[in-house]
Amino acid sequence: MKIRQEQIPENEFKRKYEQENVLEFGKYFTDRMFKINYRAGEWKDPRITKYGPLMLEPSAIALQYGQTIFEGQKAYRTKEGKLNLFRPELNVKRFNNSAKRMAMPEITPEIYLDSLKMLLDLERDWAPKKIGSSLYIRPTMIGTQGRLGVIPSDDYLFYIILSPVGPYFPEGFKPIKIWVSENYIRAAPGGTGYAKTGGNYAASLLIGQKALEQGYSQVLWLDAIHRKYVEEVGAMNIFFVYQDTLYTAPLDSGTILPGLTRESVIQMAKDFGYSIKEEALSMDDIVAGTKDGSLQECFGAGTAASIAPVGCLRYQGQEHIINNFQIGEMTQKIYDQLIGIQYGMIDDSYGWIVSV
Ligand SMILES: *Cc1c(COP(=O)(O)O)cnc(C)c1O
């Protein structure tokens, strides 16, 4: 694929962000972005342009009806200056699953990955050096046709933007407090829960804001039907440790976003000798587990926050404390191995890394 390149002046933000101690998540963007259009059934004109505003019809289907999808990945800078991608082929696969659900065209792995690698190579200097910091990657597809009919767009724009980021939670790798949502749900069977599509996140903003106001970092979602089984926490999958068993919600309801961190955690935990149960776990069982101490650890897992230990669940007006608000042994082990592989500090025996 031949990618056209515009001449781009260096961005002043680069110098500004370097002076900051803690990089705020998603605040800065690199100089360049990748774009390609879909018209008359074909992907056309791949190009790298200056990062900047898009020209869109006010009637664009993405804006009116939310025909949008995205991915979330990171490039981790190694000591040697390489940029490590973590299982990027799984992001392409999931992106195309999201596309299918939203009646959008699929993109080829070549377009997605070749353009990403080229963009990363050009923007290499933007990647922060600190462990825990990275270059966050946001591939996006939007329906660009201007028309007020509720049918899929004929035209699309696929683009990739990059954002140098620090830790997702300002507190870093420390236990967070979680608000269990009792009145609002994220996804229902038959809905769009398994797709990374804007509307899922729009629907989460109100309760997320309420939780933050009360001092909780994220919302834990319960299932839509019984309102008792745990599904996800914010934009992370959730795990519970009972002795040598690791529990997480199963994917078959279609209400859970199939995280590639989730899949990787399951693989590592198996190799650490844990038994894995992908089973529905009810809030009643979890509360009982915090009372009798059988629930030893809880953590969220996702690309943005990597592994986030959970120290407290607020449910039915009460705070339930997990592991004395300390990081658990299993949580720490998983975190160390994951971060170690991603930043190239330990051997990638799984073959998960693609270096640029
Ligand atoms: C992206 C996301 C995840 C985590 O997926 P990863 O591939 O591990 O980053 C989990 N839940 C939701 C709702 C998400 O949007």
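Indexing begins at 1, ligand by ligand and atom by atom, following the structure's order.
Residues Tyr274 and Phe239 place their aromatic rings such that the two centres sit no closer than 6.0 Å. Between Tyr247 and Tyr242, the ring centre distance stays below 6.0 Å.
Residue pairs that meet the salt bridge (Lys or Arg N to Asp or Glu O under 4.0 Å) test with at least one member in residues 231-249, sequence neighbours left out, are Arg186-Glu232.
Residues of the protein with a heavy atom under 4.0 Å from ligand 1 are Arg94, Arg186, Lys196, Tyr201, Glu232, Gly234, Ala235, Met236, Asn237, Leu257, Gly259, Leu260, Thr261, Gly302, Thr303, listed by chain and number.
Residue Ile266 forms a side-chain contact (heavy atoms from CB on, under 4.5 Å) with just one option from Lys270, Met268, Glu263, and that option is Lys270.
Asp292 and Ser294 share a donor-acceptor pair across their side chains, judged by distance under 3.5 Å alone.
A cation-pi geometry, defined here as NZ or CZ lying under 6.0 Å from the six-membered ring centre and within 45° of its normal, holds between Lys177 and Tyr216.
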